[in-house]
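Right, one structure below, let's go through it.
Naming: A, B, ... by sequence-line order, numbering from 1 per chain.
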Number of protein chains: 2
Amino acid sequence: MNSKKKRRVTLQDVAKAAGVSRATASLIVRGSPKISAATREKVLGKMNELGYVYDRVAANLRSKQSTTVGLLITEIANPFFSELLDGITAELEKEGYTIILGTTSDSYDKQERLLATMLENRVAGILWTPVSASTAETTKQLIHSQLPVVQVGREITGSTFDYVGIDNRAGAELVISYLVKEGHRRIAYLGGPSAASPWRERISSYKQALLQAGLDVDPSLIVESVATREGGRMAMAEILTRESRPTAAFCFNDIVAIGAMQELKGRGLTPGVDMAIVGFDNVEEASIFTPRLTTVSSFPRMIGTEAAKLLHQRIDDFARPAERIILEPELHIRESSQVRL
Amino acid sequence: MNSKKKRRVTLQDVAKAAGVSRATASLIVRGSPKISAATREKVLGKMNELGYVYDRVAANLRSKQSTTVGLLITEIANPFFSELLDGITAELEKEGYTIILGTTSDSYDKQERLLATMLENRVAGILWTPVSASTAETTKQLIHSQLPVVQVGREITGSTFDYVGIDNRAGAELVISYLVKEGHRRIAYLGGPSAASPWRERISSYKQALLQAGLDVDPSLIVESVATREGGRMAMAEILTRESRPTAAFCFNDIVAIGAMQELKGRGLTPGVDMAIVGFDNVEEASIFTPRLTTVSSFPRMIGTEAAKLLHQRIDDFARPAERIILEPELHIRESSQVRL
DNA sequence: TTGAAAGCGCTACCAA
DNA sequence: TTGGTAGCGCTTTCAA
C-alpha cells in the first residue's frame with residue numbers, strides 16, 4: 001500500500017468546515033428532509049469543495065446494513081451463463097445493489113472459499129448457481145448463517161432456498177416427442193455433467209418420454225461429458241462407435257450440440273442429414289451455426305432478472321415462504337434436425 | 001430487513017468465551033505466530049463452536065485497508081468481453097481480491113454512478129474499459145481520488161493510467177496488407193463506435209495501409225455502427241447501396257463481421273465468394289460460423305490476466321511509472337476471405 | 001432543527 | 001505472549 005496517501009476527507013471534516021455537527025452532516029448526506037435549506041446548501045457546498053466521498057463501508061458497519069450482494073456463477077465463457085450474468089447484473093444494479101462476483105469453475109473448494117469471503121464481506125444476500133458437487137452440508141452452513149439465498153438455473157437436492165430455472169423436464173419432453181414424431185427410434189442423450197440438477201431432470205424426462213412412446217431406453221446411447229464444445233465432440237465420437245448408430249442426438253446444451261456437430265462434420269457427416277441434432281438453451285451461436293441448431297429456449301437473461309427480483313424480495317422479508325419460479329421452455333425447430341429417415 | 005435476525009458473533013464474544021482478551025483473539029484470526037499453541041487451539045475451538053464469522057468490513061475500516069477491487073466493463077454479452085472478464089476474474093481471485101462488478105452498457109452516466117459507488121465502497125483499485133464517451137473530466141476525478149487504475153482494451157485519450165490492450169494499428173495493418181496482396185482495391189471499413197480508441201486506431205491504420213499500397217481512401221466505404229450483430233447487418237446493408245461495391249470488408253470486430261455475413265447471406269450473396277470479410281478479435285464464433293471467419297486474434301483472456309497483474313502491482317506501489325502492455329495481434333486466414341477476383 | 005455522546009466490530013499501540 | 005485503551009467513519013439516540 002502507498003504510505004503517503006492523502007487522508008480521506010470525513011464527515012467530521014465537512015461538519016467542522018461548515019460549522020455544524022457531525023450528526024447534521026450525516027443527515028444531509030442521507031437526504032433527510034428535516035434540515036433547513038440554508039444549512040443543507042452550506043454543507044453540500046463544503047462537501048464539494050473538500051472532495052468528500054461517502055464511506056459506505058463505515059456507514060454499513062454502524063447501521064448493520066448492507067447494500068452488497070454476492071453473485072456466484074460456475075463459468076463466464078459459456079454464453080448461457082454470460083447471458084444469465086447479464087440479466088442478473090442489470091436488475092441488481094437497477095435495484096441499487098453492489099455486486100460481488102465470484103466464479104467457481106464448478107469446483108467445490110472454490111465455492112466454499114468464495115462463499116466464506118462473501119460472508120466475511122457482509123453481503124446482504126447471495127445469488128448463485130451451486131456447483132454440481134454441492135452437498136447438504138453446504139446448504140446447512142448457509143441456512144445457519146441466516147442469509148437470503150436464491151439458486152439460479154441449478155439447485156441443490158433437498159434445499160429449501162428460492163429457485164429460478166427452466167422446466168427441464170418439459171424441455172426434454174418437447175424435444176423427444178418432436179423427434180419421435182419425426183420417426184426417430186434411436187435417440188442418443190449426449191454430454192453434460194450428471195451431477196448437475198438440470199442434467200438429471202432432462203435425462204429423467206428423456207427416458208420417460210421414450211418409454212411413453214413405446215421405445216426402449218438404451219443405456220449405450222447415453223454418454224456423459226463435460227459441458228463444453230470439446231465434451232460434445234468426444235461424446236459424439238464415442239456414440240459413433242456404437243454398432244447400431246442413433247439417428248438423432250439430444251444434447252445437454254447448445255455448446256455440446258455444436259461440438260457434436262463439428263465432430264460429425266470432421267468425419268464427413270452432415271448434421272441435419274446424417275443425424276438429427278438438438279440442443280438446449282438457444283444461445284446466440286445456435287442460430288449462427290450451419291446448419292442452424294434446433295434447440296429449446298431456456299431464457300437465461302429472464303432467469304437472471306427473475307432471480308435478482310426474488311433475492312430483493314427475500315432480503316426485504318426473510319420470513320416469506322420459499323418461492324420457485326419455473327419458466328416454460330420453447331422448442332425452436334431449425335435445420336439441424338430435419339433428417340429424412 | 002428481517003428484524004429478529006441473530007446477532008452476529010463477534011470477536012469479543014469469542015474472546016470472552018475463551019477467557020482471553022479481544023486483542024489476543026484478533027491476533028489469532030490473523031494467524032499471528034506470537035500466540036502460544038495452547039491459546040490458539042482454545043480460541044479457534046470456541047470460534048468453531050460459536051460459529052464465528054470474521055468481519056472483514058470492520059477490519060478494513062479499522063486498518064484502512066481494502067481487499068476489494070472494482071471491475072467496470074461495458075457489456076457482458078459480447079464474447080470478447082466475457083473472455084476478458086474471465087481472464088480478469090481468474091487472476092484477481094488467485095491474488096486474493098474480492099471483485100465488485102459493474103457493467104456500463106457504454107453509458108457515461110452509468111459509468112459515473114458505478115465509479116462513485118466503487119469509491120464509496122473503498123475499493124483498493126479499479127480495472128476498467130472506459131466508456132467511449134469518457135472525458136478528461138472523468139480522468140481528473142479518478143486521479144484526484146489517488147486510486148490505482150488500470151485501463152483494459154480501451155483508453156481515454158491523454159490519460160496516464162496503466163493500460164493493457166492489443167496493438168490495433170498492427171492488427172489493421174495485417175488485415176489490409178493481406179487483402180491488398182490478394183488483389184483487393186476497394187476495401188470497406190464496417191461498424192463500431194468511432195468514439196472508442198480501438199476504432200480510431202484501427203481506422204487510422206486502415207487508411208495509412210491503403211495509402212501505402214497506393215490506393216485511395218474512399219470515405220463512402222467507411223460505415224460506422226454499434227458494435228453488435230445488428231450493427232454489422234446495417235452497415236453491410238448500407239455499403240451494398242454504393243454504386244461501386246467494395247470487394248472486401250474489414251469489420252470492426254467479429255460480432256460485426258458475423259452480422260455483415262448474415263446480411264450478405266440474407267441477400268443471396270456468399271461471404272468469401274461475393275465479398276471477402278475479415279473480422280477482429282478471434283472470438284469462438286469466428287471459427288464456428290460458415291464460412292469460417294478470417295480475423296485477427298486480440299487475446300482478450302490474456303489482456304485480462306495482464307491487466308489484473310498490473311493492477312496488483314500498482315496497488316502495491318502507487319508511485320511506480322505508468323506501464324503500457326500492448327499485445328501483438330495474429331492474423332488467422334480462413335474461408336471468409338478467400339475470394340477469387 | 002441541531003448537537004453531544006455512545007458504539008458498530010475490528011486493529012493499533014503501548015504496557016505488563 | 002497477553003491485555004487494556006483508543007479510535008477507524010459513520011449512524012443512532014436522546015436531549016436541547
Side-chain angles (χ1 to χ4, degrees), chain A residues 1 3 5-44 46-47 50-68 119-124 145, chain B residues 1 3 5-44 46-47 50-68 119-124 145:
Chain A
M1 300 280 159
S3 48
K5 196 149 209 164
K6 261 188 296 195
R7 199 174 67 67
R8 198 170 170 123
V9 177
T10 73
L11 211 44
Q12 176 77 289
D13 301 330
V14 173
K16 200 195 295 177
V20 300
S21 78
R22 227 168 18 180
T24 305
S26 176
L27 286 173
I28 290 169
V29 276
R30 285 177 289 157
S32 162
K34 323 190 198 180
I35 302 284
S36 71
T39 317
R40 191 202 320 283
E41 286 303 295
K42 189 173 58 179
V43 174
L44 288 177
K46 279 294 173 199
M47 282 182 184
L50 300 177
Y52 172 69
V53 174
Y54 183 66
D55 190 329
R56 193 172 298 277
V57 169
N60 284 343
L61 172 63
R62 176 60 237 243
S63 62
K64 290 165 170 284
Q65 297 212 340
S66 172
T67 51
T68 306
L119 291 179
E120 291 182 357
N121 279 91
R122 299 171 141 273
V123 292
S145 73
Chain B
M1 298 283 161
S3 49
K5 195 147 209 165
K6 260 188 298 195
R7 199 173 68 68
R8 197 170 171 122
V9 177
T10 73
L11 211 44
Q12 175 78 288
D13 301 330
V14 173
K16 201 196 294 177
V20 299
S21 78
R22 228 169 13 180
T24 304
S26 175
L27 287 172
I28 291 169
V29 276
R30 286 177 287 160
S32 160
K34 319 190 199 182
I35 302 286
S36 71
T39 318
R40 189 200 323 281
E41 286 303 294
K42 188 174 58 181
V43 174
L44 287 176
K46 279 292 173 201
M47 282 183 185
L50 300 177
Y52 171 71
V53 175
Y54 183 65
D55 190 329
R56 194 171 297 276
V57 169
N60 283 346
L61 174 63
R62 176 61 237 236
S63 62
K64 289 166 170 284
Q65 297 213 337
S66 171
T67 52
T68 306
L119 290 179
E120 291 183 357
N121 280 91
R122 299 171 142 272
V123 293
S145 72

Next on the checklist: Using a 4.0 Å cut-off to any heavy atom of chain B, which nucleotides of DNA chain C are the first and last in contact, reading 5' to 3'?
Outcome noted: dG9(C) to dA12(C)

Item to check | Sequence-aligned protein contact record of nucleotides 9-16 of chain D, with B where the base is within under 4.0 Å of a protein heavy atom and S where only the sugar-phosphate is | outcome: BBBB----

Checklist entry - If we fit an axis to the first five pairs and another to the last five of the helix from dT1(C)-dA16(D) to dA16(C)-dT1(D), what angle do they make, to the nearest 10°? => result 30°

Applying side chain to side chain contact (heavy atoms under 4.5 Å, CB included), can you list everything that pairs with [X], at least two apart in sequence or on another chain?
X: Arg62(A); value: none
X: Ala17(A); value: Lys46(A), Leu50(A)
X: Ala23(B); value: Ser21(B)
X: Ala15(A); value: Val20(A), Ala25(A)

Next on the checklist: Using OP1 and OP2 only, check whether a side-chain N or O of Ser36(B) sits under 4.0 Å from dT1(D).
Outcome noted: no

Checklist entry - Within the structure, does a side-chain N or O atom of Thr39(B) lie under 4.0 Å from either OP1 or OP2 of dT2(D)? => result yes

Next on the checklist: What is the distance, to the nearest angstrom, from the NZ atom on Lys16(B) to the C1' atom on dG3(D)?
Outcome noted: 16 Å

Checklist entry - Expressed in angstrom and rounded to an integer, what is the separation of Ile28(B) atom CD1 from dT2(D) atom P? => result 7 Å

Checklist entry - What is the distance from atom CG of Leu27(B) to atom CD1 of Ile35(B), rounded to the nearest 0.5 Å? => result 4.5 Å

Next on the checklist: Once salt bridge (Lys or Arg N to Asp or Glu O under 4.0 Å) is applied, do any residues pair with Arg22(B), and if so which ones, sequence neighbours excluded?
Outcome noted: none

Checklist entry - Sequence neighbours excluded, which residues qualify as salt bridge (Lys or Arg N to Asp or Glu O under 4.0 Å) partners of Glu120(A)? => result Arg56(B)

Output all residues satisfying side chain to side chain donor-acceptor pair (under 3.5 Å) with [X], sequence neighbours left out; order by chain, then residue number.
X: Thr67(A); answer: none
X: Asp13(B); answer: Arg7(B), Thr10(B)
X: Ser63(A); answer: none

Checklist entry - Between Arg40(A) and Ser32(A), is there a donor-acceptor pair closer than 3.5 Å when you use the side chain of the first and the backbone of the second? => result yes

Next on the checklist: Classify Val20(A) by what it touches in the nucleic acid, base, sugar-phosphate, or nothing, heavy-atom distance under 4.0 Å.
Outcome noted: sugar-phosphate

